[in-house]
2 protein chains.
Amino acid sequence: MNELIEYIKHDIAITDTIQEKLNRISIKKEVQKGENILSENSLKKQHIFVLTGCLRSFYRMENGKEVTIQFAIKNWWIGDYITLYTENKSILSIEGLSKSEILLIGKTELERLYIEHPEFATFHRKNFERHIATLQKRILSLLTQTAAEKYKQFIADYADFAQKIPNYQIASYLGITAESLSRVRKEMANQ
Amino acid sequence: MNELIEYIKHDIAITDTIQEKLNRISIKKEVQKGENILSENSLKKQHIFVLTGCLRSFYRMENGKEVTIQFAIKNWWIGDYITLYTENKSILSIEGLSKSEILLIGKTELERLYIEHPEFATFHRKNFERHIATLQKRILSLLTQTAAEKYKQFIADYADFAQKIPNYQIASYLGITAESLSRVRKEMANQ
DNA sequence: CTTAAATATTGATGTATGATAAGAAATTAT
DNA sequence: ATAATTTCTTATCATACATCAATATTTAAG
């Protein structure tokens, strides 16, 4: 039994049938540090479940600068949700921040499971709901907080693994430059 | 048959039972311009479906300034998703921007329908997915675009009703001041 | 260990946008 | 219509953060 099933079992009673189907549709993969799993312009529509390690999704701007959309560690889902749910070509890239193990699950395969097993759909609906709340909170944060406030909230929210992420990537998640973040950190250290 | 059912029928075949249950749990309400439906600190957990008119959800900062989280018109859902899916007390307010008609649907009642009718849950899961993509796009926009770019995208995305919304509220949605938006508009007019 | 590469810091300077305040224009109410 | 209120604009000035460039520090590679 793999870790995804372990994780799902925390929430719902999962039948052997679902377990077996999940195993059948999920592809286990090892990702190296810096390795790209999903690249922009790819046509693959996949969900990723993190077993170990740490990943991030990011957008590369025309000028080459990158903005980080999401970080993910053990038991988190990550994906290019804009592509998964609207467009055709993927606009984000996903890479490993450290050596990681992941499960790749195709969109259509997952949807088949939703239909065949309503309790599995319910489990996922709750994930969606939490995800929506998280995204709204981030929007609120981007609209109302200063650089220092955003950083403080980030290290509080992501205490588990904030120190594993390079500061310049945290900066790109918060919507500030690495230089600004460095000044914020200096300011914080002096108090 | 009301407009919510009409709207749902565009997506899925809806049985009489679902229709009847939906009618039973949804409370129709008329909202005046400027009237608050949901206020911060309320304990109600409700989804709102807009039949006519225009609403917005917003957050009131400590200094009294408001930031707009979402606008909604006919056939859109709106709610305080942070409260609905995580916290207890509501942190957002929802008000009518014009005289509007809405349906109020309690969180628990809606969840009961999900369980009793998987096809209805599927319909809603797709809404969730689109919502996630929309929120991600907005985050990307906030992280990468200038004031002028955000405004141009806004009037393109919300062409249907952008002109119905006062500019200072559009500004508060884009994360800029009304004065800045005014300058952006002047700049655009001169070209 | 030593060197190379990646990441972080610091300083000097620039700029987009914010803050404040006043007046103009548009809505709404009387 | 007229007045009152709300919304929008304009100007001046302030500032948080960006940019650029150099150096320091840490991490990874040979």
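Within every chain, numbering begins at 1; the chains are lettered A, B, ... in the order of the sequence lines, protein sequences first and strands thereafter.
At a threshold of 4.0 angstrom between heavy atoms, the contacts of A/Gly175 are confined to the sugar-phosphate backbone, with no base atom among them.
For the pair A/Ser180 and D/dC17, the criterion of a side-chain N or O lying under 4.0 Å from OP1 or OP2 is not met. Phosphate contact (OP1/OP2 of C/dT17, side-chain N/O of B/Lys150, threshold under 4.0 Å): absent. Residue B/Lys186 places none of its side-chain N or O atoms closer than 4.0 Å to OP1 or OP2 of D/dC8. Within the 4.0 Å cut-off from OP1 or OP2 of C/dG18, at least one side-chain nitrogen or oxygen of B/Thr177 is found. In this model, the phosphate group of C/dA6 is not approached by any side-chain N or O of A/Lys33 to a distance below 4.0 Å at OP1 or OP2. Put simply, B/Arg183 has no side-chain N or O that comes within less than 4.0 Å of OP1 or OP2 on D/dT10.
A 6.0 Å sphere centred on NZ of B/Lys29 holds more than 12 heavy atoms belonging to other residues, nucleotides or ligands.
Straight-line distance from the CG atom of A/Asn190 to the P atom of C/dT9: 12 Å, rounded to whole Å. At whole-Å resolution of the value, NZ in B/Lys65 and C1' in C/dG18 are 8 Å apart. Put simply, CG on B/Asn167 is 14 Å from C1' on C/dT27, counting in whole angstrom units. The CZ-C1' distance, from B/Arg185 to C/dT17, rounds to 17 Å in whole Å. Atom CD in B/Gln32 sits roughly 14 Å away from atom P in C/dT28 (whole-Å rounding). Taking atom NZ of A/Lys164 as the reference point, atom C1' of D/dT27 lies 17 Å away to the nearest angstrom. Taking atom CG on B/Leu174 and atom C1' on C/dG18, their separation rounds to 15 Å, with Å as the unit. If you take CD1 of B/Ile176 and C1' of C/dT15, they are 16 Å apart, rounded to a whole angstrom.
Ring geometry for A/His131 versus A/Tyr81: interplanar angle over 60°, hence perpendicular rather than tilted (30 to 60°). Below 30°, between 30° and 60°, or above 60°: for B/Phe128 and B/Tyr114 the angle between ring planes is above 60°, a perpendicular geometry. Classification of the A/Tyr158-A/Tyr173 ring pair by plane angle, with boundaries at 30° and 60°, yields perpendicular.
Of the listed nucleotides (C/dT17, C/dA21, D/dA18), C/dT17 has the atom at the smallest distance from the side chain of B/Thr146. Taking the side chain of A/Glu179 as heavy atoms from C-beta on, and the options C/dA8, D/dT7, D/dT19, the nearest nucleotide is D/dT19.
In this structure the side chain of B/Leu142 reaches within 4.5 angstrom of the side chain of B/Lys150, judged on heavy atoms.
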